[in-house]
Amino acid sequence: MPRPPDIGWQYGTMIGGHRHHVQCNYCHRIMIGGITRFKKHLASKRGEIKGCDAVPKEVREIIAHHLATRKPRRPNKRRRKTAEGTSSAPISANYSVESDASDPDMRDARQEVLTFNEAEVHSQRTSEQQFEIGTRGFIDAFSCIQYKDEQDFMPTRATDIGWAHGAMVNGDRQKIECKYCHKVILGGGISRLKQHLAGERGNIAPCDQVPDDVKAQMQQHLGFKVLENCNAQQNTEEYTGDALKVTPISPTAASHRRRGKDEGYSKKRKKVEMLRIPQGSTFPLSTVQLSFASQEIIDQADIAVAKFMYESGIPLSAANSVYFQRMADAIAAVGPGYKMPSHHSLKGKLLSRCTTDAEEISKELRKSWEVTGCTVLVDRLMDTAARSIVNFFVYCPKGTMFLKSVDVSQIETTLEGLVHLFESIIQDVGPGNIVHFLSDSAPWYKAVGKVLMDKYKTFFWSACVNHCIELMFKGLSEMDEVYGVIAKAKKITQLIYNDAWLLDLLKKTTDGRHLIRPGMTQSITDHLTLQNIFSLKDALQQMFTCDSWEESVLSKQKLGMGAKNIVFDLQFWQSCANIIKVSEPLARVLHLADGGERPSMGYIFDAFEKAKKDIILAFDNQESDYLPYLGVINRVHDEFHSPLHAAAYYLNPSIYYDTRFFITNVIQKGLLDCIETLEPDLTAQDNITKHKSFYEDSLGDFSRPLALRGRESLPPAAWWSMYASDYPDLQRFAVRILSQTCRMPAFRRNCYINEYAHSSKNRLERARLNDTTFVHYNLHLQEGQPVATESKGLINGENDLLSISSFDAGDWIEDPGILEVEGINLLDVTLPGGPPLPVIDKAGNTSDGNLVIDD
């Protein structure tokens, strides 16, 4: 803590417990350099720091008089003493303490470091000291040696890296001249020079003539100093046998230790505290932008990571995990010598800790179910061992949690077995908390949903909207016209995605865009890709008429000419346009369902109605044109519809108060069904039907200006929570309906983790695998990472289209085959002015032994 007698602390505030970081109480500017520099700021002393514009005149006069009348401090003679017989080896620059001349405490701290290092030369290196010296060696990689030819321009025993780039003026270490721009820096010492060279703004103007390598060196050095200071303030480490114990220290204790006033604080403890980077540090390295290593060292680290991934068989998409870089940062914070967790730790205490963390978050989610209700999600998949796996999730607006994974291979075709399983989930979640039960539309699961609805009469079952749109796309693809157009489009992509040169030509023509737009199922991929190809029509035609294409041998081959003919076929593009008139509105519904920003329940009914109207308008109301397509859509939509969708449509204020809204028989019946089912109390039912007229007529709080503006901006459930407090039964009813979802969790289902979890027949091992699955899914759901924003619908972000580990593009990228024409293979293409391209097989290997990689 600062010494109370100094007058400057009456007008400034110490920042972060660091006495050299002072914030002005008047202009709020933060000064780095100590209390003396701050007082010069208040006194507006020109030449060293910008004066304060907001300081009162009387304060400025007081500080100016104080600076003019203060006595110069006597020099500390301890700094000039040198222990007899000690080595003259320089001390690491990273442990030198630069201070303002007005700060004797920091000079004393520096003397303690110097004294300690001198004493260390004569000490015997025990096993504990070997660790300390090894750590210091890591840090000293960023320090510099003394420059003997410039001794006259540096302080005695100066070892700081900054003295290689500046010189004292008239022997005053507070006046330093930059060797590059020759600016004389007054005040702040060598630290201010390093900030000047590093280009750090705020305390001094950057040097505009410093070489880039020197600037980078200064930035690295200052970044490491920040890390060191933060760790030194937060932790003191001490050894207890072979284990390292981290003990937090208070600012008061730290101050006493720096001054040497703590009698029980031994030199050995000081040594450990000053030299060691805390093992458990969680300091965010990215915030100081550290970059210590050379490019060669970075390349070696990249190779080490790559070899681990390849040898272990870990899917390369794991590199997209948000935890991948966090892991690297955490290891770097510990420093050299970190030992990775063992196999036993990963399946023991670390797994137990992660499971506990996930359970704590799940408990917090459970607390909100009583208020908002929840949706039970039943996600069914088939693993590589042909087992039927069901993953159970629970959704609420606060978040989605993974509940459990069950192998249902033996009971999937028995109604009693599935009912018994689902009832156990209902009892775990709580029948009164469940508003919606969601699964796909498979016959057995649909039958189970109806049985449970009839038994409990407190919730509704419906099919997942993503699965329904998938069935709509699949039904459209089976139509003769659509099937033929998709087959022709695949001939274009198969040719391009099996030839490296042609794929590169496509990227140049389309500014890096791909033809294929992936979805989580084949039918969704088909229609999204067809839309994408249609949008790139001009670019494709330009590619197939450019000189590079015309001069290539591929343009003379059968498949090449066939693909070109398709690209210039007017009937093909007309058919594409007709299909897109249907698929594009459905894709918008899919995008709304996968958006995830708001619960989708309040919007899904309106989205389907708009999609149907858009299809009719796209065909200019010609029934003969749109009826075949709407027939497919309506058959699936009838299976999907639920009273919840109609009631949520009515209760969504952004839709209800729109001038185009009108109540149909379907909406009225859906609303009444929800009142009778979700609210078992008869009095509450009466209150809901009576008070809904206030909502319909926009009376009471519903008519407030805030409520009117919030109809569009607020999520529907939040709007009801805020403006319907006068009608609690109606409010609870609306919030519980509008807080539900219509889609499955937005992440890529991991068949491997499910197969792994259900592979063991040992009870203990199976329990551990269940914990692993629990942690795996909940980490995905809690983080909301980009790679996990993939549902049964759209895939967001970048994808490696040639990698089956990312997603399966199906026959859109299949090898069209190699045809022999006059002894030349189809893909053995001669480039204009270059050698023939190697032939690429289905595995991506080329005839020259290289692997085709898509950047």
Side-chain angles (χ1 to χ4, degrees), residues 368-377 394-398 400 429-438 449 452-453 456-465 592-593 595-609 640-658 661 663-664 666-681 684-696 702 707 710-711 714-725 727-743:
S368 67
W369 293 350
E370 185 177 356
V371 176
T372 64
C374 62
T375 300
V376 175
L377 310 171
V394 182
Y395 169 89
C396 68
K398 200 171 182 179
T400 305
V429 177
N433 295 328
I434 301 175
V435 176
H436 195 200
F437 217 95
L438 197 67
L452 295 176
M453 285 173 57
Y456 288 93
K457 300 183 183 300
T458 58
F459 58 80
F460 291 94
W461 172 92
S462 72
C464 169
V465 62
L592 180 144
E597 296 179 359
R598 300 180 177 186
S600 55
M601 181 63 74
Y603 300 91
I604 202 66
F605 186 93
D606 183 58
F608 270 114
E609 293 300 312
F640 166 73
H641 177 72
S642 166
L644 279 175
H645 303 154
Y649 175 72
Y650 166 85
L651 293 169
N652 187 341
S654 66
I655 295 174
Y656 180 82
Y657 292 114
D658 189 282
F661 176 85
I663 296 180
T664 64
V666 173
I667 298 172
Q668 186 68 35
K669 287 187 176 181
L671 179 63
L672 295 176
D673 287 343
C674 287
I675 294 174
E676 294 174 346
T677 300
L678 300 180
E679 188 50 77
D681 185 82
Q685 291 181 7
D686 294 338
N687 289 335
I688 292 171
T689 54
K690 180 173 61 176
H691 293 153
K692 71 183 181 68
S693 61
F694 292 93
Y695 166 67
E696 294 172 344
F702 294 131
R711 292 173 182 175
L714 290 176
W719 187 86
W720 278 92
S721 297
M722 187 171 296
Y723 303 115
S725 57
Y727 322 105
D729 292 326
L730 176 61
Q731 181 187 52
R732 182 176 184 273
F733 172 74
V735 167
R736 285 169 62 84
I737 290 177
L738 294 168
S739 296
Q740 309 313 310
T741 186
C742 299
R743 62 181 178 86

The reported gap from CD1 in Ile737 to CZ in Arg732 (rounded to nearest 0.5 angstrom) is 11.0 Å

Taking every heavy atom of Leu714 against every heavy atom of Arg598, the minimum-distance pair comes out as O-NH1, 3.4 Å

So, Gln740 side chain and Thr372 main chain: donor-acceptor pair closer than 3.5 Å or not? yes

What do you reckon, is CD of Glu370 surrounded by more than 12 foreign heavy atoms closer than 6.0 Å? no

Could you tell me whether the side chain of Leu671 reaches within less than 4.5 Å of the side chain of Lys692, counting heavy atoms only? yes

Beyond-backbone contact of His691 with Asp729, side-chain heavy atoms, under 4.5 angstrom: no

CD1 on Ile675 to CG on Leu678, rounded to 0.5 Å: 9.5 Å

Measuring only between side-chain heavy atoms, which start at C-beta, is Asn652 closer than 4.5 Å to Phe605? no

Exercise: identify the closest heavy-atom pair between Ala593 and Ser600: CA-CB, 4.5 Å

Find out whether Thr375 and Phe459 are in side-chain contact, i.e. whether some heavy atom of one side chain is under 4.5 Å from a heavy atom of the other. no

Is there a side chain to side chain contact (heavy atoms under 4.5 Å, CB included) between Glu679 and Ile688? Walk through the geometry before answering. CA-CA 9 Å; Glu679 188 50 77; Ile688 292 171; 4.1 Å; yes

Going from CG on Leu672 to OG1 on Thr677, what distance comes out if it is rounded to the nearest 0.5 angstrom? 10.5 Å

Measure up the Tyr650 and Phe661 rings against each other and bin them: parallel (under 30°), tilted (30 to 60°), perpendicular (over 60°). tilted

Mind checking whether Leu592 and Val465 have side chains closer than 4.5 Å, heavy atoms only? no

Heavy-atom distance under 4.5 Å between the side chains of His436 and Tyr395, does that happen here? no

Might you point out which heavy atoms bring Cys742 and Leu438 nearest each other, and give the distance in Å? C-CD2, 3.5 Å

Separation of Ile604 CD1 from His641 NE2 (nearest 0.5 Å): 12.5 Å

Could you report the tightest heavy-atom contact between Leu738 and Pro716, atom names first, then the distance? CD1-CB, 3.6 Å

Residue pair Asn433, Val394: steps toward the side chain to side chain contact (heavy atoms under 4.5 Å, CB included) verdict: CA-CA 11 Å; Asn433 295 328; Val394 182; over 6 Å; no

For the student: nearest non-hydrogen atoms of Gln668 and Ile663, plus distance: OE1-CG2, 3.7 Å

Check the pair Gln731 / Tyr695 against side chain to side chain donor-acceptor pair (under 3.5 Å), numbers first and verdict last. CA-CA 10 Å; Gln731 181 187 52; Tyr695 166 67; over 6 Å; no

Grab the two heavy atoms, one from Ser462 and one from His645, that are nearest each other, plus how far apart they are. OG-NE2, 4.1 Å

Considering only heavy atoms from C-beta outward, does the side chain of Asn687 approach that of Lys690 to under 4.5 Å? yes

Just by modelled atom types, is the Ile434 backbone N or O under 3.5 Å from a matching donor or acceptor in the Trp369 side chain? no

Only residue of Phe702, Tyr656, Phe733 satisfying ring pair (Phe, Tyr, Trp, His ring centres under 6.0 Å) with Trp720 is Phe702

Where do Cys674 and Phe460 land on the side chain to side chain contact (heavy atoms under 4.5 Å, CB included) test, with the steps shown first? CA-CA 9 Å; Cys674 287; Phe460 291 94; 3.9 Å; yes

